[in-house]
Protein chains: 2
Amino acid sequence: MTIRVLLAEDQTMFRGAMATLLGLEPDIEVVADVGRGDEVVSACEAFRPDLALLDIEMPGIDGLEAARRLAKAVPGTKVVIVTTFGRTGYLHAAMAAGAAGFLLKDAPVTELADAIRKVAAGQRVIDPSLAIAALSEGASPLTPRETDVLAAARGHGTIADIARQLYLSPGTVRNHLSAAIQKLGARTRTEAVEIAEQKGWLV
Amino acid sequence: MTIRVLLAEDQTMFRGAMATLLGLEPDIEVVADVGRGDEVVSACEAFRPDLALLDIEMPGIDGLEAARRLAKAVPGTKVVIVTTFGRTGYLHAAMAAGAAGFLLKDAPVTELADAIRKVAAGQRVIDPSLAIAALSEGASPLTPRETDVLAAARGHGTIADIARQLYLSPGTVRNHLSAAIQKLGARTRTEAVEIAEQKGWLV
DNA sequence: CTCCACCCGTGACGATCGTCATGGGTACGG
DNA sequence: CCGTACCCATGACGATCGTCACGGGTGGAG
């Protein structure tokens, strides 16, 4: 019995390559492939695949949000996240979203086919090195609001901008940022953003 | 006559997929594939491929630097840059490095095979949308030193850090940064870094 | 030689930032 | 009820940042 797979990935070249390559496997069939996160749910409703392979960085909505919506709309479709960045926060978010698998694009192709088969058989598959990192790191020390403010701090320059964007007093923004900076062991707003982003705590 | 190709790309999964996929083409043979930029030259010296497919973002040295070295060490090997980011500065740098082709991973796979054949036949291939953007944008307005300082400003937080790293007076760093901020139309050091990085002027 | 662009540095000014202390409001668990 | 944690806000302080004006040095183009 063949495993029916949906492929969501924004890099056209990579998506095409994976589609043909997975199609070569005798027990795997790629029934649809999309390049945007907001097309995942509707495509899954139409094709009812056994399994959805989701990238995280995508236009529209990201793969994690797509996974969350997919779990509600089409619970019969299992989710495997395949992403470039080994951020532990991504892994946490993926697990919370009900994903059954989490792989890095650094892994060899054979591992992907294996993972697809295992997940289709009901198992869960997680990149081992990332699992270790996630366990040794723990969750985010930031409060929800601190996370919001720090997330708003990437890109938009001054504190006044962030305050306007969040309908807050500039002083409050400064306090939240100050707390975040200390908790992350950074010395600058920019450093704090980098650290939190690299750990995936800003998703 | 088959075209002998070397593949340099750090994402294992993507590299493997491209290798098998290109190998399926009757007139293309992938003779070697590496995952680090600093392995490109030695691999090309060993295998003497007709063409090298280089990613830009790679551990070791990046694809542009690899292209520069390759042009000196193994001039018989033509270079095609394949990258994720459509930054015009990348395109300029690639042309200056003597690349014969420049493609985005957003393009379909068929386009890559076509490009390989055209480049092997002596033509040059450039992503058309990027070529337009590059022409309408012009070169970097930053002086060499401003570029250095701005490049050192990403990551390392305070001005004092940058000054130490570049053996400069903090005042000089501030002046260079101030000039860069104004030339780029930014309002913050961070904004300036983002803008310059996004255009590929920090390479 | 004279311009001109770039490099490095200084000093000074106002604006912004990061830290701290303090306060009031809300929500949850003991 | 009381303690605790979080949210929002304010005020004040020193440090840093971005801007400007200025000067001396180098090297290439006219």
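Protein chains get the first letters and strands the later ones, always in sequence-line order, with residue 1 at the start of each.
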Q | side chain to side chain contact (heavy atoms under 4.5 Å, CB included) evaluation trace for A:His176 with A:Val173 | A | CA-CA 5 Å; A:His176 282 305; A:Val173 174; 5.9 Å; no
How many whole angstroms separate atom [atom1] of [X] from atom [atom2] of [N]?
{"X": "B:Glu191", "N": "D:dC17", "atom1": "CD", "atom2": "P", "result": "17 Å"}
{"X": "A:Leu142", "N": "D:dC6", "atom1": "CG", "atom2": "C1'", "result": "13 Å"}
{"X": "A:Ile159", "N": "D:dA9", "atom1": "CD1", "atom2": "C1'", "result": "14 Å"}
{"X": "B:Asp148", "N": "C:dC6", "atom1": "CG", "atom2": "C1'", "result": "13 Å"}
{"X": "A:Ile162", "N": "D:dC8", "atom1": "CD1", "atom2": "C1'", "result": "16 Å"}

With a cut-off of 3.5 Å and sequence neighbours excluded, list every side-chain donor-acceptor pair involving residues 45-58 of chain B.
{"residue": "B:Asp50", "atom": "OD2", "partner": "B:Arg4", "partner atom": "N", "Å": "2.8"}
{"residue": "B:Glu57", "atom": "OE1", "partner": "B:Thr83", "partner atom": "OG1", "Å": "3.3"}
{"residue": "B:Glu57", "atom": "OE2", "partner": "B:Tyr90", "partner atom": "OH", "Å": "3.2"}

Do [X] side-chain atoms and [Y] backbone N/O form a donor-acceptor pair below 3.5 Å?
{"X": "A:Thr158", "Y": "A:Asp161", "value": "yes"}
{"X": "B:Glu9", "Y": "B:Gln11", "value": "yes"}
{"X": "A:Arg189", "Y": "A:Gly157", "value": "yes"}

[N] phosphate, OP1 or OP2: any side-chain N/O from [X] under 4.0 angstrom?
{"X": "A:Thr143", "N": "D:dA5", "result": "no"}
{"X": "A:Thr188", "N": "C:dG18", "result": "no"}
{"X": "A:Arg187", "N": "C:dG18", "result": "no"}

Q: Name every residue in residues 170-184 of chain A that has at least one heavy atom under 4.0 Å from any atom of DNA chain D, in order of residue number, or write none if there are no such residues.
A: A:Gly171, A:Thr172, A:Arg174, A:Asn175, A:His176
Q. How many angstroms lie between atom CZ of B:Arg154 and atom CD of B:Glu197, to the nearest 0.5 angstrom?
A. 5.0 Å
**Q.** Nucleotide of D:dA9, D:dC17, C:dG18 approaching A:Arg189 most closely (side-chain heavy atoms)
**A.** C:dG18
